[in-house]
Amino acid sequence: MAPSGSRSIKRSCQTVLYWIPVIFITLIVAWSYYAYVVQLCIESIDNIGQKIVYLLAYHVVFILFTWAYWQTIFTKPMNPLKEFHLSYSDKELLEREDRGESQQEILRRIAKDLPIYTRTMSGAIRFCDRCQLVKPDRCHHCSVCDKCILKMDHHCPWVNNCVGFSNYKFFMLFLAYSLLYCIFITATDLQYFIKFWTNGLPDTQAKFHIMFLFFAASMFSVSLASLFVYHCWLVCKNRSTLEAVRAPAFRHGADKNGFSLGLSKNFRQVFGDEMRYWPFPVYSSLGDGCSFPTCLVNQDPEQPTSPGHNPPPNKTVVGESHQFPAKPLRESQSRLLNSAPSWTENGGAEDKERRGTSNPAMAIENET
Ligand SMILES: [Zn+2]
Ligand SMILES: [Zn+2]
């Protein structure tokens, strides 16, 4: 359906408004580049060796920072796969039913074939009315993007994008490198900032750039540091910002540590298991964003624990006793899951064919 004229104008105005914070940040960064490179390094530093070292180090940090920022802004958030969307007949069925239990009955039938472990606080299947889909675990509807976003963390106005499964690593690196950028500027600008107050600088316009650069960089350092530390804590705990505010609810109730697999694996879920990719804003997160391993195998009746459903003993996660649930959705790109092949090896091509009809393992699980 084509949007009406006034609605499309409103949408265009909103689009422009949403970009204002990004333009604001870009202008500040562009000015900081000019102030540091031209006014501080080229105009004010006399020692040629110091000039070269400062400029080289600055550009390394600057490139990493702008690269991570670019990736956070322009990586499209991932939306639930088509398996989670209601089919035409299911939509009709759902519309025909009155609200409440009968609708839940339909949703429960659909959710049976999906790797879903979380529920609403009242124990119902999480359903997005707007997108007409059963929400995957950790997925939330973003009112700004007007879409369901996989492992949604928050909608960030400073990047005009949803931070979620597809770009959380980039967002973390953006925080880390922007903090490093500010700390580097503050540290190297400090002696010239002191000279400014002791009248040690020549009376040119450079001295004002040097002063404002120090103020801006040190103030941004403080706010970025607190945000970065908070998100490091979230990564260690395997929680999104939304989950930190409200713990995800499972069959047995809310559990704020439901997705935590231990420090190392929590970190690898976001950054991947190849160390050489960790520092760079290239995609290396593990998993498919629709299904997440949980540590609740012994508490959640939905999670398979009997030998029939367990992966063979050698297929447990390396170094830990947790076993991933055996509800495969699709062959994931995940290397983490390769160490728990119940999702990948069993969940490969064979399973893709079975999906949508019936999966015996799933059927048995859902009888509980
Ligand atoms: Zn939605
Ligand atoms: Zn959003």
Side-chain angles (χ1 to χ4, degrees), residues 1 3 7-8 10-25 68-88 90-95 99 103-104 106-108 110-111 114-122 124-175 227 230-231 234 239-246 248-249 270 281 283 285 288-292 329:
M1 214 194 300
R7 206 191 286 171
S8 75
K10 193 181 161 202
R11 209 147 178 84
S12 314
C13 290
Q14 269 180 344
T15 308
V16 174
L17 277 178
Y18 288 151
W19 280 105
I20 287 176
V22 176
I23 294 167
F24 175 73
I25 296 279
Y69 190 41
W70 177 277
Q71 289 284 71
T72 315
I73 297 171
F74 293 107
T75 302
K76 277 182 81 160
M78 268 167 70
N79 313 114
L81 300 170
K82 66 176 191 318
E83 285 84 348
F84 291 86
H85 289 259
L86 257 54
S87 68
Y88 185 75
D90 284 333
K91 275 183 203 167
E92 274 195 331
L93 213 60
L94 206 67
E95 268 168 27
R99 297 197 61 78
Q103 284 188 331
Q104 269 299 309
I106 297 167
L107 292 176
R108 267 198 291 272
I110 299 165
L114 297 168
I116 290 173
Y117 297 100
T118 54
R119 297 285 183 267
T120 64
M121 284 298 161
S122 59
I125 300 285
R126 297 182 339 117
F127 177 69
C128 179
D129 225 9
R130 186 101 181 130
C131 308
Q132 291 285 297
L133 55 82
V134 173
K135 288 183 189 169
D137 289 348
R138 316 187 83 174
C139 169
H140 294 274
H141 186 89
C142 173
S143 54
V144 182
C145 302
D146 197 21
K147 273 179 191 149
C148 274
I149 309 292
L150 293 183
K151 199 190 172 193
M152 181 177 170
D153 192 90
H154 66 290
H155 187 94
C156 180
W158 300 108
V159 297
N160 188 27
N161 199 3
C162 245
V163 176
F165 179 75
S166 63
N167 62 354
Y168 191 64
K169 181 197 170 191
F170 306 151
F171 177 72
M172 284 301 292
L173 290 178
F174 160 60
L175 290 182
L227 198 59
Y230 177 62
H231 277 278
L234 289 178
R239 278 177 218 166
S240 66
T241 301
L242 292 175
E243 287 161 358
V245 174
R246 177 184 277 186
V270 175
Y283 187 84
S285 302
D288 60 10
C290 281
S291 46
F292 293 88
L329 182 71

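Indexing begins at 1, ligand by ligand and atom by atom, following the structure's order. Worth knowing before you read on, the calculation uses all heavy atoms, side chains too, and leaves out hydrogens, waters and symmetry mates.
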Could you check which N/O/S atom of His155 is closest to the Zn ion (ligand 2)? ND1
Would you please classify the geometry between the Phe165 ring and the Phe292 ring as parallel, tilted or perpendicular, with 30° and 60° separating the classes? perpendicular
Pairs in or reaching into residues 138-153: which pass side chain to side chain donor-acceptor pair (under 3.5 Å), with residues at least two apart or in two chains? Arg130-Asp146, Arg138-Asn238, Arg138-Glu243, His141-Asp146, Asp153-Thr241
Ignoring hydrogens and geometry beyond distance, is a side-chain donor-acceptor pair present between Asp137 and Thr118 at under 3.5 Å? yes
Pairs where residues 15-24 contributes a residue and the test side chain to side chain donor-acceptor pair (under 3.5 Å) is met, not counting sequence neighbours: none
Residues that Tyr69 engages under side chain to side chain donor-acceptor pair (under 3.5 Å), provided they are two or more places apart: none
Contacts of the Zn ion (ligand 1) with protein N/O/S atoms, counting only those under 2.8 Å: Cys128 SG, Cys131 SG, His141 ND1, Cys148 SG
With a 6.0 Å cut-off on ring centres, are Phe171 and His154 close enough? yes
